[in-house]
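Notes follow the structure.
Everything numeric in this text was worked out from a predicted model, so none of it was measured. Residue numbers run from 1 in the order of the sequence given.
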Amino acid sequence: MRQWSHYTIETKRSAVLAILSGQTARAVEKATGIDHHLLAAWVRAYQQDGDQALVAYRRTRRYPAALKAQVVAEYQTGGTSLRKLCVKYDISNPGLCAKWVNQATAS
């Protein structure tokens with residue numbers, strides 16, 4: 001679920017390639033003003049899906065209940081992090097997965 005972004009694909013690609021060429025995310029953050037956490041997320045997405053990962057979508061993605069339950073079950077059995085599960089299931093926001101886990105735990 002990639003959110004709409006005001007950064008162009010060229011800006012994202014330039015920042016990602018700078019990091020992949022050896023610059024630190026903090027150095028790129030200083031140069032561009034883009035948060036280093038966001039830069040790190042772009043790098044992970046780029047490494048997984050290439051340029052297509054840098055394209056922003058305007059619509060919000062909805063996840064089926066079965067997928068949510070599967071993510072929660074895998075997380076609760078241990079052995080993997082929410083971030084790794086997000087990569088595995090193409091969910092761009094680990095906070096969303098954490099929300100699913102919290103809701104399942106509360107019920």
NZ (K88) and CG (L82) are apart, to the nearest 0.5 Å, by 13.0 Å
task = Could you tell me whether Y46 atom OH has more than 12 heavy atoms of other residues or ligands within 6.0 Å of it?
result = yes
| request: Keeping the roles fixed (side chain from T32, backbone from V28), state whether a donor-acceptor pair exists under 3.5 Å. | output: yes
So CZ of R62 and CG of L67: to nearest 0.5 Å the spacing works out to 14.5 Å
* To do: Classify the side-chain pair T8/T11 by whether it contains a donor and acceptor separated by less than 3.5 Å.
  => yes
Margin query: Test of understanding: clusters of I, L, V, M, F, W, Y form through side-chain heavy atoms closer than 4.5 Å, transitively. Do L38 and L20 belong to the same one?
Written below: yes
Run the numbers on I19 and T24 for side chain to side chain contact (heavy atoms under 4.5 Å, CB included), then give the verdict.
CA-CA 6 Å; I19 293 169; T24 66; over 6 Å; no
Here the gap from D35 atom CG to W42 atom CH2, rounded to the nearest 0.5 Å, amounts to 9.5 Å
All heavy atoms of P94 vs all of R83, minimum pair found to be CG-NH1, 3.8 Å
Here the gap from I34 atom CD1 to K12 atom NZ, rounded to the nearest 0.5 Å, amounts to 9.5 Å
> Can you check whether T105 reaches Q76 side chain to side chain, under 4.5 Å on heavy atoms?
Replying inline: yes
Value for CD (E10) from CG (L54), rounded to nearest 0.5 Å, stands at 10.0 Å
Shortest non-hydrogen pair, L39 vs A15, comes out as CD2-CB, 3.6 Å
By side-chain contact (heavy atoms from CB on, under 4.5 Å), K30 pairs with (sequence neighbours left out) none
Looking only at heavy atoms, the pair that brings Y63 and D90 closest together is OH-O, 3.9 Å
Here the pair of heavy atoms bringing Y89 nearest to Q70 is OH-NE2, 3.0 Å
Of all heavy-atom pairs linking I91 and L96, the shortest is CG2-CD2, 4.4 Å
Show me, pair by pair, the donor-acceptor contacts under 3.5 angstrom made by side chains of residues 97-104, not counting sequence neighbours?
from, atom 1, to, atom 2, distance (Å)
N102, ND2, A98, O, 3.3

Rounded to the nearest 0.5 angstrom, the CD-CG distance for Q23 and L17 is 10.5 Å
